[in-house]
4 protein chains.
Amino acid sequence: MIEFRIDRHSGVSTYLQIAAQVKQAMRMGLLGPGDKLPTAREVVEATRVNPNTVLKAYRELEHEGLVEGRRGMGTFVTASLATDAARADAPLRQDLEQWMDRAVDEGLSADEVDAIYTDVRSTHY
Amino acid sequence: MIEFRIDRHSGVSTYLQIAAQVKQAMRMGLLGPGDKLPTAREVVEATRVNPNTVLKAYRELEHEGLVEGRRGMGTFVTASLATDAARADAPLRQDLEQWMDRAVDEGLSADEVDAIYTDVRSTHY
Amino acid sequence: MIEFRIDRHSGVSTYLQIAAQVKQAMRMGLLGPGDKLPTAREVVEATRVNPNTVLKAYRELEHEGLVEGRRGMGTFVTASLATDAARADAPLRQDLEQWMDRAVDEGLSADEVDAIYTDVRSTHY
Amino acid sequence: MIEFRIDRHSGVSTYLQIAAQVKQAMRMGLLGPGDKLPTAREVVEATRVNPNTVLKAYRELEHEGLVEGRRGMGTFVTASLATDAARADAPLRQDLEQWMDRAVDEGLSADEVDAIYTDVRSTHY
DNA sequence: GTGGTCTAGACCACA
DNA sequence: GTGGTCTAGACCACA
């Protein structure tokens, strides 16, 4: 079952963080068609977020055609965002793992790694 | 002179986007101690953001000890975040460039690359 | 509940006055961890200050790690600045009370007392 | 000759800080009728403040009838704010010196001493 | 001209 | 209802 991590100081609203994490899990293949999202109550217990906020995130995902709420049953994933490239054994992914290993070895902070990634990305996309 | 790119649909508030872009430029070594940030007026002309929003971003940076506002003169960078690892000719950075080249060649979308990066990063930091 | 007294002729900006008074109350032990600050709305009613100015003061305090704003709930003290030396029954404090009694008896004005205090303080800190 | 100490982070405008320090010196008897204030040029050299700011402070003091600008000669004190109570050998002052000695001995910070002073003062004036 | 503060008012996120 | 952000516009301090 997916667990949400809310960063209240990130500047991104809570409901968007929840929606983004669902999509991220879908891209990673951790969530696929038919899978059930945690109920608002479960999320509230785990994250101390207001149930309305969870429901707003799920409504957002439903609006994008990714999930479907079924009365009295819960919210279910209806689409797939998984790609081969994201699979754990995909060569491209494994190479990035190695690159990140080296970054850690060389003592780079998360901020520095993000800065380099952001900059390199901006020249490619 | 640094130019800000505001994405009004990112879910991140404008002032945080401005502050983050200044920090990113500082990490890349594009902005260093003594450099002048664009005036609120200049940013307004370029981005159609309200001057107060720019000043809020600059005050945020001043709080973090990165810049200093001087009345009647402008806002100036007072610290350095530049690291060797971020330099264009750093091996680690060049390797990430190559990795990103391959991702583009294999037809991955920006979203997919971000998803892989986010996931790999979360296992290292 | 703390009540703010704004002196518009002091030359100190309103938001700094509010922040300083919160800190003063925290040092005196009148406000401690878990205590709720008045809402922006309440302060507006009591002082005729703009709500944004109150929020700016609270954000300043949040920056300093002294309070925490919780959406929809209010702003709460998260730290303690109280010291034994400031307690009403602390010997040092009681001696200053007696000193001040004598200053009043001898007919010194508030300005004169402040002048002496400022001068003596400058030779000790 | 009086030397000004400008604290750019105090929230009090520079010209008010200068005016206040002149008045403080007058109360302490360090400046009396006939004494000459430093020229704007001298203050600029010592404090890196703009000459207009110094002149504004002096104009403020002239407005209060405390000093007088004489064309081509400088600015001179024309009044006395000195009081016996502020003299270095005044008993009341000496007692405050002793009190402050003890505060320092007991390890109180400047902030804590200020907090106690502010609170005690508020009950007497 | 440039930053700093304040106001009034709007809209949003969250409880 | 409560805080967070943004806008438009005013006025001030400072250079």
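Reminder, nothing fancy here: chain letters follow the sequence lines and each chain counts from 1.
For A:Arg121, the salt bridge (charged side-chain N to carboxylate O under 4.0 Å, His left out) partners are B:Asp114, not counting sequence neighbours. Shown here are the side-chain hydrogen bond (donor to acceptor under 3.5 Å, both in side chains) partners of B:Glu62, two or more places apart in sequence or in another chain: there are none. Scored by the side chain to side chain contact (heavy atoms under 4.5 Å, CB included) test, C:Thr118 finds D:Gln24 as partners (sequence neighbours excluded).
The two atoms that bring A:Gln21 and A:Phe4 nearest to each other are OE1-CA, 3.2 Å, heavy atoms only. Across all non-hydrogen atoms, the minimal contact from C:Gly65 to C:Ala79 is O-CB, 3.9 Å.
Every pair tested for ring-ring contact (aromatic ring centres under 6.0 Å, His included) that includes a residue from residues 37-59 of chain C fails, sequence neighbours excluded, so the list is empty.
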Solution key, residues 6-14 of chain D side-chain donor-acceptor pairs under 3.5 Å, sequence neighbours excluded:
from: D:Asp7; atom 1: OD1; to: D:His9; atom 2: N; distance (Å): 2.9
from: D:Ser10; atom 1: OG; to: D:Asp7; atom 2: O; distance (Å): 3.2
from: D:Ser10; atom 1: OG; to: D:Val12; atom 2: N; distance (Å): 3.2
from: D:Ser10; atom 1: OG; to: D:Gln17; atom 2: NE2; distance (Å): 3.2

Only distances under 3.5 Å count here; give the side-chain donor-acceptor pairs of residues 49-57 of chain B to other protein atoms, sequence neighbours excluded, each with its distance to 0.1 Å.
from: B:Asn50; atom 1: OD1; to: B:Asn52; atom 2: N; distance (Å): 2.8

Could you go through residues 26-41 of chain B and list every donor-acceptor pair under 3.5 Å that involves a side-chain atom there, pairing it with any protein atom two or more places apart or in another chain?
from: B:Arg27; atom 1: NH2; to: A:Asp111; atom 2: OD2; distance (Å): 3.4
from: B:Asp35; atom 1: OD2; to: B:Gly32; atom 2: N; distance (Å): 2.9
from: B:Thr39; atom 1: OG1; to: B:Arg41; atom 2: N; distance (Å): 3.4
from: B:Thr39; atom 1: OG1; to: B:Glu42; atom 2: N; distance (Å): 3.1

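Note that the OG1 atom of B:Thr75 and the CG atom of B:Leu66 stand 12.5 Å from one another [nearest 0.5 Å]. Note: C:Leu81 CG to C:Lys23 NZ = 8.5 Å, rounded to the nearest 0.5 Å.
If you check residues 38-53 of chain C against DNA chain F, the residues with a heavy atom closer than 4.0 Å are C:Thr39, C:Ala40, C:Arg41, C:Asn52, listed by number. Remark: nothing in residues 57-64 of chain A comes within less than 4.0 Å of DNA chain F through any heavy atom. Annotation: proximity of residues 2-17 of chain D to DNA chain F (heavy atom, distance under 4.0 Å) is found for D:Arg8, D:Ser13, D:Thr14, D:Tyr15, numbered in ascending order.
When DNA chain F is scanned 5' to 3' for any atom under 4.0 Å from a heavy atom of chain B, the first and last hits are F:dT5 to F:dA15.
A salt bridge links D:Glu68 and D:Arg70; the closest N-O separation between the charged side-chain nitrogens and carboxylate oxygens is under 4.0 Å.
Annotated stems with DNA chain F as a participant read E:1-14 with F:1-14, given as range with range, by first number; only runs of 3 or more Watson-Crick or G-U pairs under 3.5 Å qualify.
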Exercise for review: Begin from the C-alpha positions of B:Glu3 and B:Thr47 and carry the test side chain to side chain contact (heavy atoms under 4.5 Å, CB included) through to its verdict.
Suggested key: CA-CA 9 Å; B:Glu3 286 187 11; B:Thr47 62; over 6 Å; no
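By the neighbour-count criterion of 12 heavy atoms within 6.0 Å, atom CE of A:Met73 is sparsely surrounded, having that number or fewer from other residues, nucleotides or ligands.
Nearer to the 5' terminus of DNA chain E, by closest-nucleotide assignment, is the contact made by B:Gly74 (compared with the other of C:Met73 and B:Gly74).
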